[in-house]
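For reference, the structure is listed below as structure tokens.
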Amino acid sequence: MWFSFGLIRCLKSCKQLFVLLTFILCGLSCFAQQDKMFTQFLNYPSGINPAYSGSRDAFQFLGITRKQWVGIDGSPTSSVFSVNSPINFFNLGLGLTFESDKIGREKNNEVEFDISYKIQLFNGTFLNLGIKSGFSNYKVDLMNARVVDHNDQLLQGNINKGWVPHFGVGAYCYGKRYFVGFSIPQLFQNESSGGWLMSSSLDRERLHYYLMAGYLLPLTPSLQLKPSLLVKASEASNFSYDISSVFILFDRLWLGGSYRNEDAFAAIVQFNISSQLKLGYSYDIGIAKLSGRSYGSHEFTLSFDLALSDHKIRSPRYF
């Protein structure tokens, strides 16, 4: 009862915010996706929402590698290493992330720093407000590329756009069994990291808006269900969403799947080796036009939570 009452209070207090977000998300125009995607996004919320950093009450190390559209030459490959930790004395959370993405001859590296501030709304429910800052470097290797027009000035030598700044904001409301978050991870509309063949009028990054939510539903003493939702929208992409649901057995084995609209189905498995160490894997089966030319996408995650207090971590975090 106390949880239901708390959740109702939280939802009522955020009602106006959710209404505003709905209009924002539904009113955006569509062009082409720019931000990277991860099937196991709940293992890496800080990648899109800086307010998540420090919410786990542990020093977390996280590594991710994703190979998309296996079998297609030059298909996207992404790698992530991230650390985050709470600073309890100041109600702060800090995070540091290194990302590398490669698509064909294009390569983009990012360094991001997150800071969040935690507010207790009521017993067991908290609101984190966060900001993200960092830099990205975009390069294209054209020295050994095969070109048709050798006089094209765009194809003379390598392309290096230097380091450009990033800045974003986010909010993350969570309790023991639920969470809701909203973020805009990139407020600066810099020159696009993927638009070297575009005209200057389109060669810029677009604002991306993310809304995420999830709930943990106990079914039996040894079985729980965790459904979650990630909604994505921008002026540069179609309104899209990821729906995922996993069964958690004995706090050890996670089995489930997800659906990304008009893009892919995915199978997800995760094994909690201990209360601190977990290993995850997902396999995407594409349903878009490109799916017939690839063998799906593979994604691996590995994370470790280091307890900051004298007592050990007794049970794994679910989000």
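In this text the structure is predicted, and so the values were computed from the model without any measurement. Any value given below was found using the heavy atoms of this structure, including those in side chains, with hydrogens, waters and symmetry copies removed. The first residue of the sequence shown is numbered 1, and numbering continues consecutively from there.
In terms of heavy-atom proximity, Ser303 sits nearest to Leu277 at O-CD1, 3.3 Å. Residues Phe59 and Ser85 share a closest heavy-atom pair of CD1-CB, 3.4 Å. Considering every non-hydrogen atom in both Gly168 and Pro50, the closest pair reads O-CG, 4.4 Å. Residue Ser136 comes nearest to Glu110 through the heavy atom pair CB-CG, 3.5 Å, listed as atom of the first residue, atom of the second, then distance. Summarising the geometry of Arg177 relative to Pro218, their closest heavy-atom pair is NH1-CG, 3.5 Å, with the distance given to 0.1 Å. Contact between Pro45 and Asn43 at its shortest, heavy atoms only, is CD-C, 3.4 Å.
Cation-pi check for Lys232 over Tyr210 is not met; the charged atom does not lie both under 6.0 angstrom from the ring centroid and within 45 degrees of its normal.
Heavy atoms of other residues, nucleotides or ligands lying less than 6.0 angstrom from CZ of Phe247 number 12 at most.
For the pair Val164 and Phe135, the minimum side-chain heavy-atom distance is 4.5 Å or more. Within the 4.5 Å cutoff, side-chain heavy atoms of Ile268 are placed close to those of Thr39. You'll find the side chain of Leu207 stays beyond 4.5 Å of the side chain of Ser234, heavy atoms only. Considering only heavy atoms from C-beta on, Ser282 stays 4.5 Å or farther from Phe300 through its side chain. Residues Cys173 and Phe126 form no side-chain contact, since every pair of their non-hydrogen atoms from C-beta on lies 4.5 Å or further apart. Here the side chains of Val269 and Phe271 are not in contact, with every heavy-atom distance at 4.5 Å or above. Here the side chains of Thr97 and Lys132 are not in contact, with every heavy-atom distance at 4.5 Å or above. For the pair Glu99/Glu112, a side-chain contact is recorded, criterion being any heavy-atom separation below 4.5 Å from C-beta on.
Exactly one of Tyr174, Tyr172, Phe179, Tyr44 qualifies for a ring-ring contact (aromatic ring centres under 6.0 Å, His included) with Phe319. That residue is Phe179.
By the 4.0 Å N-to-carboxylate-O rule, Lys107 lies too far from Asp101 to be salt-bridged with it.
Although no hydrogens or angles enter the test, the distance criterion places no donor-acceptor pair under 3.5 Å between the side chain of Ser228 and the main chain of Ala213. Side-chain atoms of Asp114 do not come within 3.5 Å of backbone N or O of Leu94 as any donor-acceptor pair. Under a 3.5 Å cut-off, the side chain of Asn272 and the backbone N or O of Asp251 do form a donor-acceptor pair. Checking side-chain atoms of Gln40 against main-chain N and O of Glu299 turns up a donor-acceptor pair under 3.5 Å. With hydrogens and angles ignored, the 3.5 Å screen pairs a side-chain donor or acceptor of Asn49 with a backbone N or O of Ala51. Put simply, the side chain of Ser183 never gets that close to the backbone of Pro185: no donor and acceptor are under 3.5 Å apart. For Ser116 (side chain) and Ser53 (main-chain N/O), a donor-acceptor pair under 3.5 Å exists by modelled atom type. Side-chain atoms of Thr125 never come within 3.5 Å of backbone atoms of Phe122 as a donor-acceptor pair (strictly under, hydrogens ignored).
The distance from the CG atom of Leu42 to the CG atom of Leu230 is 8.0 Å, given to the nearest 0.5 Å. Atom-to-atom distance recorded for Ser82:OG and Leu96:CG is 7.5 Å, nearest 0.5 angstrom. Note: Tyr52 OH to Asn128 CG = 10.5 Å, rounded to the nearest 0.5 Å. Atom OH of Tyr259 and atom CD of Glu262 lie 6.5 Å apart (nearest 0.5 Å). Remark: Phe61 CZ to Asp305 CG distance equals 10.0 Å, nearest 0.5 Å. The OH atom of Tyr117 sits 7.5 Å away from atom CG of Leu92, with the distance rounded to the nearest 0.5 Å.
With sequence neighbours excluded, the residues satisfying side chain to side chain donor-acceptor pair (under 3.5 Å) with Ser100 are Asn109. Lys278 meets the salt bridge (charged side-chain N to carboxylate O under 4.0 Å, His left out) test with no other residue; sequence neighbours excluded. Partners of Asp284 by salt bridge (charged side-chain N to carboxylate O under 4.0 Å, His left out), not counting sequence neighbours, listed by chain and number: Arg66, Arg260. Under the side chain to side chain donor-acceptor pair (under 3.5 Å) criterion, Thr77 pairs with Lys67, not counting sequence neighbours. Under the side-chain contact (heavy atoms from CB on, under 4.5 Å) criterion, Tyr283 pairs with Tyr281, Ile285, His298, sequence neighbours left out. With sequence neighbours excluded, no residue forms a ring-ring contact (aromatic ring centres under 6.0 Å, His included) with Phe113.
No side-chain donor from either of Gln270 and Arg252 sits under 3.5 Å from a side-chain acceptor of the other. Side-chain contact check for Asn91 and Gln120: no donor-acceptor pair (N or O, by modelled atom type) lies under 3.5 Å. For the residue pair Ser258 / Ser244, no side-chain donor-acceptor distance below 3.5 Å is found, with atom types taken as modelled. In the model, Asn84 has a side-chain atom that pairs as donor or acceptor with a side-chain atom of Gln60 under 3.5 Å.
No chain of hydrophobic side-chain contacts below 4.5 Å, direct or via other Ile, Leu, Val, Met, Phe, Trp or Tyr residues, connects Val140 to Ile103.
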Take Leu211 and Leu229 through the test side chain to side chain contact (heavy atoms under 4.5 Å, CB included) and record every step on the way to the result. CA-CA 8 Å; Leu211 178 64; Leu229 171 69; over 6 Å; no
Side chain to side chain contact (heavy atoms under 4.5 Å, CB included) for Leu216 and Tyr178? Distances and angles first, verdict last. CA-CA 6 Å; Leu216 185 68; Tyr178 66 95; over 6 Å; no
Stepwise, does the side chain to side chain contact (heavy atoms under 4.5 Å, CB included) test hold for Tyr318 with Ile248? CA-CA 9 Å; Tyr318 301 106; Ile248 304 173; 3.6 Å; yes
Side chain to side chain contact (heavy atoms under 4.5 Å, CB included) between Leu129 and Ile119, intermediate numbers included: CA-CA 8 Å; Leu129 303 176; Ile119 303 169; 4.2 Å; yes
